[in-house]
Amino acid sequence: MTSFFQSLGMTYEAAWLLATICGVLLIALPLMLSVAMIIYADRKIWAAMALRRGPNVVGPFGLLQSFADGLKVFLQETIIPSASNKGIFLIAPVVTFTVALMAWAVIPFNGGAVLANINVGLLYVLAISSLGVYGTIMAGWASNSKYPFFAAMRASAQMISYEVSIGFILICVVLWAGTFNLNDIVLAQKGHVFGIFNGFVFNPLLFPMWVMFLISGMAETGRAPFDLTEAESELVAGYQTEYSSMAFAAYWLGEYANVLLMCALNATLFWGGWLPPLDIPILYLVPGFIWFVLKVLFFFFVFSWVKATVPRYRYDQLMRLGWKVFLPVSLSFVVIVSGYLMATGHFA
Amino acid sequence: MIHVIAFYLFAVMTVASGAITILSRNPVHSVLWLILAFFNAAGLMVLVGAEFIAMLLVIVYVGAVAVLFLFVVMMLDIDFAELRAGFVRYFPFGALVAIVLLAEMVLGIGAYKAGAIVLGTPDGTAATPAGTSNIQAIGTLLYSRYLFLFEAAGVILLVAMIGAIVLTHRQRSDTRGQNISKQNQRRPQDATFNVKPEIGQGVQI
């Protein structure tokens, strides 16, 4: 895109700046729109599984429900608790929201269609997702209220625990792909198994890694069944208890943007991203972008499905799963995968 | 141009947030400013082309170390009067640390002014391989030339970790743990059963 603006007679700097801003808007605006629609989809799926109708009043099939909610929240009064630490209280939702958007910079939507095609793409995703915990901790502390504080402690312990095993799972993927660049990881999955299946998930050694990644992703984003941070029977509304109006909406949107990011990572790292599922020429007629969106939507359906069917975990079960099951298993898979790759001469 | 703007932005932010870290009264604010300083330092690393180090800086320091700092500091019951009371007593020690740091900085800048160090390997090849990515270059160095040091550092960290766990772990007899395998083996029919009593009969349990 930079070269396009340069061809209009701009200097390199101006063209680069304009291209980057356009790229950011091209990702952020559709993302916000899809977050609004995905909240609607989540409620619809959840309702359908509970044999209810879900939102069906605002607009055709209730499609405009999220926008109505957004407007309602926008018109509400922002309440800042007088005992809160105002600066941090107001920064916390901004941090959550910004961080949720930042990681999308390295996600490839199509072959080469990525805002920042950097060599350390996967590390960047890890770095940004590790920042996400600050929005929660800051909110919990700044609210100066006991339930948000408990929730913040829980959330940060949960996120840090599952980030460890996610790290090991990603190492397996990186070992096999031989690169940290997400676009190259997608390309490495082309015809990965028998030369016909596109995706690491079809590999018997990496399939368990994908299952663990899916579950860890749910825990990392605080989705059901790991939504202990918002366990309403114990913690009111968790770390967002004291938030109202747009600050609350920022948390809401950030959370769903994070869920979508996890779905996108599942698609990119294990299911071949923008590649079609099978390495057959006729499937390449469909644009890669369509495949990518379909995969993301499928994983979002899985997330909603799990939310609708699985009861919430107890806190000690959550910690046990993270530290006593996922960590040893993923660690041993790093050894197994690298041993297998060494033995078969993958690195030679 | 962008390079220069970015450099000055990151540099000024790093120095400023570093200064506010030590100037701010509230320890939690200090830690948050420190995190901002780490983050901007990572930005500077990206500018000099060390993107791998930059990402590690964010993952390790911001993502793990600073979270623990924040945890500890948040749990503290902050008493400002007490914080200031120890100032005179600890002043000599603080001054000593400051002098050492100042000496190191003067030495460092002096060495830098004396001329760049020519990096090279004993067999005369260039130290920075062109055309390879950061990760590959660091990985090649760590796993070939510095293999022993790298693994020794790993072993030391492992020992330190185990040591910390052993030191802080204590067997407590007054808690009731969860027996997960027993819980998982439990089936619905262990606790509930279906009966169809006749009307007016009641149920024998």
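Throughout, protein chains are lettered first and strands after them, A, B, ... in sequence-line order, and every chain is numbered starting at 1. Owing to the predicted nature of the structure, the values given are computational and were not obtained by experimental measurement.
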Filtered by a 4.5 Å non-hydrogen cutoff, the part of residues 179-186 of chain B contacting chain A is B:I180, B:Q183

Is it the backbone or the side chain of A:N119 that comes under 4.5 Å from a heavy atom of chain B, or both, or neither? both

Under 4.5 Å from a heavy atom of chain B, the part of A:I88 involved: side chain

Residue pair B:H29, A:N85: steps toward the side chain to side chain contact (heavy atoms under 4.5 Å, CB included) verdict: CA-CA 10 Å; B:H29 291 183; A:N85 196 313; 3.1 Å; yes

What part of A:M153 gets closer than 4.5 Å to chain B, counting heavy atoms only: side chain, backbone, both or neither? both

Applying a criterion of heavy atom separation less than 4.5 Å, what residues of residues 165-173 of chain A form contacts with chain B? none

Are more than 12 heavy atoms, taken from residues, nucleotides or ligands other than B:F71, located less than 6.0 Å from that residue's CZ atom? yes

More than 12 heavy atoms of other residues, nucleotides or ligands under 6.0 Å from OH of A:Y147: yes or no? no

Looking at A:L131, A:T179, A:I160, which has the largest count of heavy-atom pairs under 4.5 Å with chain B? A:L131

Which of B:V62, B:L56, B:L70 touches chain A most, by non-hydrogen pairs under 4.5 Å: B:V62

Mind checking ring pair (Phe, Tyr, Trp, His ring centres under 6.0 Å) for A:Y313 and listing every partner two or more places apart, or none if nothing turns up? A:F226

What part of B:L57 gets closer than 4.5 Å to chain A, counting heavy atoms only: side chain, backbone, both or neither? neither

Give a yes or no on whether A:M319 atom CE has more than 12 heavy-atom contacts from other residues, nucleotides or ligands under 6.0 Å away. yes

CZ of B:F39: more than 12 outside heavy atoms within 6.0 angstrom? no

Per-residue contact mode, B:A54 against chain A (heavy atom under 4.5 angstrom): neither

Heavy atoms from other residues, nucleotides or ligands near OH of B:Y61 exceed 12 (cutoff 6.0 Å): no

Under 6.0 Å from the CH2 atom of B:W33, do we count more than 12 heavy atoms belonging to anything else shown? no

Are there more than 12 heavy atoms of other residues, nucleotides or ligands under 6.0 Å from atom CG of B:D174? yes

Looking at residues at least two apart in the chain, or sitting in another chain, which of them share a ring pair (Phe, Tyr, Trp, His ring centres under 6.0 Å) with A:F89? A:Y243

Ignoring hydrogens, what is the shortest heavy-atom contact between A:A127 and B:V58? Give both atom names and the distance. CB-CG1, 3.6 Å

